[in-house]
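Excluded from the calculations below are hydrogen atoms, water molecules and symmetry mates; all remaining heavy atoms, backbone and side chain alike, are included.
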Amino acid sequence: MITRDDILAWLKCYRQALGENKDYLTRLDSAIGDADHGANMDRGFAAVLEKLPSVAEKDVGTILKTTGMTLVSTVGGAGGPLYGTFFMRAGMALDGKTEFTPQEFLAALEAGLAGVQQRGKATTGEKTMVDALTPGCKAMREALERGKSLAEALDAAAAAAEQGMRDTIPMLATKGRASYLGERSIGHQDPGATSSALMLRCAANTLGRVQDPA
Amino acid sequence: MITRDDILAWLKCYRQALGENKDYLTRLDSAIGDADHGANMDRGFAAVLEKLPSVAEKDVGTILKTTGMTLVSTVGGAGGPLYGTFFMRAGMALDGKTEFTPQEFLAALEAGLAGVQQRGKATTGEKTMVDALTPGCKAMREALERGKSLAEALDAAAAAAEQGMRDTIPMLATKGRASYLGERSIGHQDPGATSSALMLRCAANTLGRVQDPA
Amino acid sequence: MKKLINNPADVVKEELMGVALAHPDLVRVHFDPNYIVRVDAPIQGKVGVISGGGSGHEPMHGGFVGVGMLDAACPGAVFTSPTPDQMYEATKAVNGGAGVLHIVKNYTGDVLNFEMAAEMAMAEGIEVASVVIDDDVAVQDSLYTAGRRGVGTTVLAEKICGAAAEQGRSLQEVADLCRKVNGWGRSMGMALTSCTVPHAGKPTFDLPEDQMEIGIGIHGEPGRTRMPLKTADEITEMLALPIINDLPFKSGDTVIAMVNGMGGTPLIELYIVYRKLAEICKGHGITIARSLVGNYITSLEMAGCSITLLKADDDILKLWDAPVKTAGLRWGL
Amino acid sequence: MKKLINNPADVVKEELMGVALAHPDLVRVHFDPNYIVRVDAPIQGKVGVISGGGSGHEPMHGGFVGVGMLDAACPGAVFTSPTPDQMYEATKAVNGGAGVLHIVKNYTGDVLNFEMAAEMAMAEGIEVASVVIDDDVAVQDSLYTAGRRGVGTTVLAEKICGAAAEQGRSLQEVADLCRKVNGWGRSMGMALTSCTVPHAGKPTFDLPEDQMEIGIGIHGEPGRTRMPLKTADEITEMLALPIINDLPFKSGDTVIAMVNGMGGTPLIELYIVYRKLAEICKGHGITIARSLVGNYITSLEMAGCSITLLKADDDILKLWDAPVKTAGLRWGL
Ligand SMILES: Nc1ncnc2c1ncn2[C@@H]1O[C@H](COP(=O)(O)OP(=O)(O)O)[C@@H](O)[C@H]1O
Ligand SMILES: Nc1ncnc2c1ncn2[C@@H]1O[C@H](COP(=O)(O)OP(=O)(O)O)[C@@H](O)[C@H]1O
Ligand SMILES: [Mg+2]
Ligand SMILES: [Mg+2]
Ligand SMILES: [Mg+2]
Ligand SMILES: [Mg+2]
């Protein structure tokens with residue numbers, strides 16, 4: 001079972017990864033956007049970490065919904081509503097729970113992704129975070145269906161998301177700010193796909209490690 | 001005797017020298033002023049050269065006064081009224097003449113210098129064109145008094161003006177725009193002193209050559 | 001990075017404090033969430049008009065809050081769309097019972113955040129209409145993309161809709177007018193230099209001394225194409241012709257023309273551009289009835305300009321001429 | 001050099017053409033000699049107020065021609081004082097029989113050229129009064145030097161004296177008022193970057209990425225000292241304290257405060273400076289009764305700012321509030 005503490009560890013890991021990759025994400029956003037994705041995500045997750053203590057004793061649904069709402073009210077840009085929606089929907093899927101199965105966690109991620117797609121109306125191949133989250137969720141589902149451990153499944157998810165992130169490089173952006181560049185968006189890695197891949201890598205590094213099945 | 005044609009040649013020579021030294025003068029003015037002295041003088045003498053045909057048959061006084069008035073109405077800045085006054089006063093000193101002696105020419109230059117000092121209220125040592133014109137006139141007077149030829153006298157004038165120009169380098173400016181720099185004006189050659197030295201060098205190269213006493 | 005700032009993280013907060021201190025007669029500034037609101041808001045029975053977007057485009061939008069223009073503006077972080085709670089609180093603060101118009105520039109972030117705010121406000125029973133401005137002809141439009149950006153027409157729409165609201169028109173009328181203005185306005189911009197986002201600390205893109213970017217937006221993003229620097233007249237043509245051809249503006253049309261500086265270009269150059277624009281319009285039989293030349297929708301210290309033409313009928317011209325009293329645009333009051 | 005121009009030699013001419021096309025309701029532009037004049041000049045019985053100086057400081061002076069401010073402005077080449085015939089012709093064009101005030105910034109070139117123009121006009125029987133503005137505290141004053149430069153106070157003097165002339169005050173009264181404003185106004189400026197004179201084609205000075213110039217004028221000339229870049233708050237103090245100590249401004253004084261951008265600095269930064277200036281004034285017991293934040297007296301695309309404080313009595317404040325209708329400053333009309 002995945003516990004509340006694992007989720008808290010995941011969020012802390014992601015906050016740290018965003019801090020470390022702030023300039024990298026901003027650099028990616030300079031090439032095809034407006035040079036703020038790193039600062040935006042960093043500001044948002046700094047706020048999330050400040051907020052966590054007040055809900056740390058609550059259920060995981062509340063923790064993730066609070067994370068989402070905090071992102072919505074601190075990030076702004078496209079990233080704020082999209083990541084905010086992601087965590088709010090994931091939280092709704094885990095409402096009332098303090099521990100849950102890998103399958104339930106996968107369902108929460110998939111609910112988050114569905115929320116992102118509903119809000120942002122992007123599908124795969126448009127050079128957005130959807131291009132990291134979609135293969136990430138898919139790889140995790142396949143791994144769990146094939147009976148892999150949570151650690152293996154999350155690792156597969158992170159690896160697939162990272163591949164999806166790299167696959168955005170040759171894409172022509174048709175959603176988000178990068179779409180204004182037209183052909184010139186080709187050849188650059190999408191910042192949002194990159195922050196999404198980081199998020200799944202953190203999941204693998206935290207949930208994956210702790211929850212190794214005995 | 002110096003003739004009207006010599007004066008016309010002098011003005012043409014000066015116009016050409018200003019064209020060639022436009023960037024140099026502007027560079028000097030960048031260091032301690034506002035980067036326009038070259039463009040200003042060039043614009044002014046281009047206008048003078050356009051105007052000259054209409055007075056080329058008139059007396060030298062008219063030619064020089066026209067030069068001065070044209071400078072006043074086309075140069076602007078400090079240079080416009082100062083060089084304008086210089087040529088207007090010099091013209092007044094040669095009113096009605098079509099040829100004249102070296103002494104008369106010297107008197108015209110001295111009248112011009114007096115006009116500059118009256119308008120600009122600068123004396124020597126203040127890092128202005130006065131620091132080139134004053135030693136220039138003085139050297140010419142001494143040479144003529146010692147019985148030197150016009151060519152020698154003008155050469156002495158040009159050399160003294162050039163020395164005066166270089167002597168502005170260590171000066172602290174107390175007049176004109178360079179004065180705002182205070183101590184920072186030290187170490188730079190004054191652009192106006194430089195354009196004045198060029199003017200006397202052109203006199204040496206034209207009046208001096210043509211009027212070599214037989 | 002050479003900026004008159006203290007700390008990148010405090011830029012927007014300290015700027016808003018400056019705005020509050022400089023314009024106490026015009027606006028109040030609310031912090032956490034941040035919004036600038038007309039000093040006399042809410043005005044009972046008047047439609048509230050609000051806008052918002054990332055900071056760094058000053059005077060837009062905060063400089064357009066006041067009588068006859070916006071009731072409130074929501075500034076996000078630099079170049080980052082504001083968050084829904086800002087628009088939600090601003091909507092409540094300006095609601096005088098006649099509903100609130102949200103003027104939204106077409107960027108994914110702005111659209112999403114305003115959408116959430118409108119949902120929140122409507123859940124509280126406030127009538128909200130949203131109009132998305134998408135006037136940038138540099139961007140190819142398509143059903144399957146994010147569509148065109150909202151740029152210069154936003155300024156004109158805020159003035160015109162603000163005047164209409166001041167006259168007492170209904171939310172439906174003001175929103176319809178805003179859609180009409182958006183439909184009749186077209187813009188395009190170019191950059192001579194990049195700008196530097198305070199957080200990023202270095203220019204968003206590098207532009208060699210002999211190159212320029214054509215078809216830029218207002219967030220320091222690169223444009224559609226990079227090409228060798230051209231003369232002001234050539235550049236003006238490169239911006240004006242796509243605009244004229246897009247609507248298309250036709251002989252006999254009357255327009256409001258704006259030559260807008262991106263922040264780092266001096267006024268003297270904008271007038272040189274205006275001169276050529278006026279010549280081009282004349283050549284096309286287009287009458288410029290009103291004009292704006294200056295910095296109205298900027299990208300920090302970017303050098304460059306944008307051109308906006310708005311087809312104008314009598315109603316639009318009268319609303320344009322109506323009194324306005326804001327820090328950034330003022331006449332008649 | 002990256003500029004929206006066609007040819008360095010045509011910059012001023014084409015700009016003036018743009019001004020004429022953009023503001024036919026406010027001004028007429030006369031070419032050869034160049035001057036911008038109020039559309040309704042001369043106004044019989046009203047004192048004419050004119051100013052002038054090199055171009056490159058827009059909106060000053062041409063942007064301040066109109067009702068309640070200047071009757072005419074004479075733009076020279078970029079950073080080059082205009083020639084006497086410009087001021088002479090402008091003086092004739094605005095003379096409504098009550099005499100003409102020349103507001104002259106204290107630069108050798110401006111003073112000499114205005115002097116010649118005044119002589120010419122007076123020779124034709126036009127009464128002319130000249131007031132020289134010399135408010136720059138960065139420059140040490142002395143009987144034996146060219147004295148202090150005229151900078152920001154010029155803008156305030158043009159507004160206030162323009163209003164006084166509009167009220168029908170006599171030449172003597174308007175000139176005395178102008179001297180009072182000059183005596184009560186102090187300014188100081190700084191640069192983050194140089195600017196590039198179109199003719200010169202490259203920056204007037206080089207300023208490393210970590211350095212700034214303090215005590216600059218408005219012609220791209222270097223300042224009094226170069227030093228490492230500091231924060232906005234520190235810079236604001238470095239400008240404000242010499243100003244406050246110079247007059248000196250005292251506790252209980254009421255002032256008009258201007259935070260002026262040099263051309264390339266975005267508004268967002270100017271408000272950050274204003275915030276600190278307001279704090280400093282408050283700390284000294286000085287009340288800011290009116291303020292201006294924006295680009296009013298610029299140095300082409302230079303990044304940086306200047307601060308001006310003008311001690312104000314009731315008369316000055318009333319004249320400040322009087323209606324003004326120009327391209328660069330407008331209210332009440
Ligand atoms: N419609 C969309 N659907 C999904 N993701 C999107 C969409 N639009 C933008 N994004 C993601 O948002 C990222 C940019 O986020 P950010 O820089 O924070 O916002 P902004 O573009 O408003 O500056 C992009 O890299 C992309 O991955
Ligand atoms: N009061 C003065 N008397 C004599 N020469 C002066 C005076 N003030 C300035 N100058 C000269 O004028 C020169 C600058 O001319 P210019 O650059 O054309 O005018 P501006 O300083 O108005 O830009 C200086 O280098 C100096 O030699
Ligand atoms: Mg971004
Ligand atoms: Mg000069
Ligand atoms: Mg953004
Ligand atoms: Mg000059």
Notebook entry, point to check: How about B:Q16: does its CD atom have over 12 heavy atoms from other parts shown lying under 6.0 Å from it?
Noted result: no
Check: Got a second to check how far B:L109's CG is from B:E104's CD, nearest 0.5 Å?
Finding: 12.5 Å
Checklist line | Spacing of B:N205 atom CG and B:Y14 atom OH [to the nearest 0.5 Å] | finding: 13.5 Å
Looking only at side chains, do [X] and [Y] share a donor and an acceptor under 3.5 Å apart?
{"X": "D:T153", "Y": "D:D135", "value": "yes"}
{"X": "B:Y83", "Y": "B:S196", "value": "yes"}
{"X": "B:N40", "Y": "D:T80", "value": "yes"}
{"X": "D:H102", "Y": "D:T91", "value": "yes"}

[X] versus chain D, heavy atoms under 4.5 Å apart: side chain, backbone, both or neither?
{"X": "B:E183", "answer": "neither"}
{"X": "B:R184", "answer": "side chain"}
{"X": "B:T85", "answer": "side chain"}
{"X": "B:T26", "answer": "side chain"}

Notebook entry, point to check: For D:P82, is it the side chain, the backbone, both, or neither that has a heavy atom closer than 4.5 Å to a heavy atom of chain B?
Noted result: backbone
Next item on the list: Name the region of D:F205, side chain, backbone, both or neither, that has any atom closer than 4.5 Å to a heavy atom of chain B.
Entry: neither
Go through [options] and name the one with the most non-hydrogen pairs under 4.5 angstrom from chain B.
{"options": "D:V111, D:N113, D:V197, D:T108", "answer": "D:N113"}
{"options": "D:T83, D:T225, D:V139, D:D110", "answer": "D:T83"}
{"options": "D:M116, D:E221, D:H199", "answer": "D:M116"}
{"options": "D:D136, D:D85, D:V78, D:I216", "answer": "D:D85"}

Checklist line | Choice from B:A173, B:G33, B:G120 maximising heavy atom contacts with chain D below 4.5 Å | finding: B:G33
Next item on the list: Sort out for me which of B:G77, B:G176, B:S30 touches chain D most, counting heavy-atom pairs under 4.5 Å.
Entry: B:G77
Next item on the list: Could you give me the CA-CA distance, side-chain angles and deciding distance for B:Q189 and B:T194, then say whether side chain to side chain donor-acceptor pair (under 3.5 Å) is met?
Entry: CA-CA 8 Å; B:Q189 181 172 308; B:T194 309; 2.9 Å; yes
Notebook entry, point to check: Using non-hydrogen atoms and a limit below 4.5 Å, what part of residues 295-308 of chain D faces chain B?
Noted result: none
Next item on the list: For the pair B:W10 and B:F87, name the ring-plane relationship: parallel under 30°, tilted 30 to 60°, perpendicular over 60°.
Entry: tilted
Item checked: D:K105 and D:H61: CA distance, side-chain angles, deciding distance, side-chain contact (heavy atoms from CB on, under 4.5 Å) verdict -> CA-CA 11 Å; D:K105 300 191 300 306; D:H61 301 275; 2.8 Å; yes
Note to self: I'd like to check D:M238 versus D:M212 (side-chain heavy atoms, cut-off strictly below 4.5 Å). Are they in contact?
What the structure shows: yes
Item checked: Ring-face cation contact, B:Y180 with D:R149, 6.0 Å cut, 45° max -> yes
